[in-house]
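Have a look at the structure below, then the notes.
The chain is numbered in sequence order, starting from 1. One-based numbering, in listed order, for ligands and for the atoms of each.
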Amino acid sequence: MSVEVYYDDDADLGLIQAKKVAVIGYGSQGHAHALSLRDSGVDVVIGLPEGSKSRPKAEEQGLRVLTPADAAAEADVIMILAPDTAQRHIYAESIAPNLSAGKALFFGHGFNIRYGLIKPPADVDVAMVAPKGPGHLVRRQYVDGKGVPCLVAVEQDASGTALALALSYAKGIGGTRAGAIKTTFTEETETDLFGEQAVLCGGAAALVQTGFEVLTEAGYAPEVAYFECLHELKLIVDLMYEGGIARMRYSVSDTAEYGDLSRGPRVIDSRVKDEMRKILGEIQNGEFAREWVAEDEAGRPNFSKWQAEGAAHPIEETGAKLRGMMSWVDRPITETA
Ligand SMILES: NC(=O)C1=CN([C@@H]2O[C@H](COP(=O)(O)OP(=O)(O)OC[C@H]3O[C@@H](n4cnc5c(N)ncnc54)[C@H](OP(=O)(O)O)[C@@H]3O)[C@@H](O)[C@H]2O)C=CC1
Ligand SMILES: CC[C@](O)(C(C)=O)C(=O)O
Ligand SMILES: [Mg+2]
Ligand SMILES: [Mg+2]
């Protein structure tokens with residue numbers, strides 16, 4: 001099945017420049033969208049509760065900050081970039097009362113629409129601009145004249161121009177420099193959750209930690225294990241990013257390539273693939289979403305415990321010491337948030 005990919009020439013920046021945009025939340029994605037839209041000539045207002053610790057960061061950048069309700073009331077386009085578990089409460093309390101006909105409700109991820117946690121009225125546009133990368137790098141790439149690819153989707157097209165508006169917004173944050181793929185809220189939500197759980201965050205972190213444990217438990221120096229299993233992973237993935245797995249295999253030794261081809265499938269074997277399928281099933285049938293919402297409502301007991309265990313893993317102490325000797329590695333992820 002072929003997809004439609006849109007680039008800068010396919011998007012009219014004038015559409016979003018003609019609107020007032022409220023960005024609700026000023027975290028990883030919020031600061032990136034707000035600052036890049038502002039730099040693209042868009043009228044942006046930030047929505048944050050009184051007392052939010054993000055308020056000074058946004059104000060330092062010269063952005064106007066209102067409460068979420070006041071920002072939503074002023075805006076034509078309301079982009080919700082607060083945590084997924086907070087969005088339905090923000091929507092009910094601050095956005096729904098200010099969502100009049102003709103406005104547009106935008107998302108950076110489809111979780112709340114896909115799982116029916118937010119149900120907007122039929123007379124507004126509902127669309128998504130979801131960057132395929134961490135917000136701090138969305139901003140860094142925009143500033144560097146590059147861009148992070150985006151997924152765009154339209155759930156409701158009350159105006160008849162929702163896709164054009166979403167593409168215009170994507171252009172304002174640099175997304176159409178790299179390519180914006182048209183998809184659905186369902187495809188974005190399910191693939192994004194799968195990617196972060198099985199490959200990008202969950203899979204990669206567990207692979208690195210387990211490799212480090214195997215080497216150190218066998219008596220090798222933690223510093224050697226850190227460089228081998230974590231630091232060098234970035235350099236290897238850089239080659240994949242630049243030229244695919246083929247370029248990585250071209251650059252490594254033939255000894256490494258033979259080990260990759262003969263041993264890799266033993267590490268990521270059919271049991272791992274079956275587990276990945278199970279994880280995808282839990283995303284598709286809503287089990288993961290129900291679990292995460294319940295965990296959040298219970299005060300995140302497991303999340304906090306696992307976060308603390310991760311922070312206490314010996315790889316973190318070894319890494320902090322070694323990164324301290326490489327001044328170019330531990331740079332602030334952006335200058336502003
Ligand atoms: N992180 C990423 O790179 C990516 C995220 N996304 C999606 O983007 C959305 C935002 O995620 P992310 O940027 O990680 O979020 P963050 O956790 O970084 O957002 C935190 C921001 O939301 C604010 N906030 C918290 N509660 C409220 C509230 N009740 N009302 C208004 N603002 C509030 C916080 O304020 P305070 O400082 O006061 O706590 C802070 O400014 C999610 O839908 C996520 O799935 C999509 C692609 C990648
Ligand atoms: C990979 C994690 C992510 O989906 C992202 C940065 O794209 C997220 O939700 O943060
Ligand atoms: Mg993602
Ligand atoms: Mg995600």
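Within a 6.0 Å radius of CG in D269, more than 12 heavy atoms belonging to other residues, nucleotides or ligands are found. A 6.0 Å sphere centred on NZ of K182 holds no more than 12 heavy atoms belonging to other residues, nucleotides or ligands. Crowding of E317 atom CD: a count of heavy atoms from other residues, nucleotides or ligands under 6.0 Å not exceeding 12.
Between G135, P83, A86, P56, it is P83 that holds the heavy atom closest to atom 22 (O) of ligand 1. The residue among T67, I90, I24 with a heavy atom at the shortest distance from atom 29 (N) of ligand 1 is I90. For atom 32 (N) of ligand 1, the choice among L48, D192, L151, L193 with the nearest heavy atom turns out to be L48.
A side-chain donor-acceptor contact under 3.5 Å links R55 to the backbone of L48. For the pair T176 (side chain) and Y7 (backbone), a donor-acceptor distance under 3.5 Å is absent. The backbone N or O of M326 lies less than 3.5 Å from no partner atom in the side chain of D330, so there is not a single donor-acceptor pair. With hydrogens and angles ignored, the 3.5 Å screen pairs no side-chain donor or acceptor of K20 with any backbone N or O of D76.
Between H109 and ligand 1, no N or O atom pair is found at a separation short of 3.5 Å.
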Exercise for the section: Evaluate the side-chain hydrogen bond (donor to acceptor under 3.5 Å, both in side chains) criterion for residues E187 and T191: first the C-alpha distance (whole Å), next the side-chain angles of each, then the deciding distance (0.1 Å), finally the verdict. Expected result: CA-CA 6 Å; E187 184 174 57; T191 54; over 6 Å; no
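Here the CG atom belonging to L105 is positioned 10.0 Å from the CG atom belonging to N112, to the nearest 0.5 angstrom.
Cation-pi contact between R247 and Y241: absent, since separation from the ring centre below 6.0 Å together with deviation from the ring axis within 45° is not met.
The residue R55 has no part lying near ligand 1, judged by heavy-atom distances below 4.0 Å.
Of all the atoms in ligand 1, the ones that sit under 4.0 Å from a non-hydrogen atom of S52 are 35 (O), 36 (P), 37 (O), 38 (O). The atoms of ligand 1 that sit less than 4.0 Å from any heavy atom of D84 are 42 (C), 43 (O), 44 (C), 45 (O). Remark: ligand 1 atoms within the under-4.0 Å shell around heavy atoms of G108 are 46 (C). Every atom of ligand 1 with a heavy atom of P131 under 4.0 Å away is listed here by number and element: 47 (C).
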Tabulation required: pairs of a nitrogen or oxygen in ligand 2 and a protein nitrogen or oxygen under 3.5 Å; columns are atom names and distance to 0.1 Å; otherwise 'none'.
from: ligand 2; atom 1: 4 (O); to: D192; atom 2: OD1; distance (Å): 3.1
from: ligand 2; atom 1: 4 (O); to: D192; atom 2: OD2; distance (Å): 3.2
from: ligand 2; atom 1: 4 (O); to: E196; atom 2: OE1; distance (Å): 2.6
from: ligand 2; atom 1: 9 (O); to: E196; atom 2: OE1; distance (Å): 3.0

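Scanning the protein heavy atoms around atom 9 (C) of ligand 1, the nearest turns out to be A82 O, 3.7 Å.
Closer than 2.8 Å to the Mg ion (ligand 3) sit the protein N, O or S atoms D192 OD1.
Aromatic rings of Y226 and F212 (six-membered ring for Trp) have centroids beyond the 6.0 Å cut-off, not under it.
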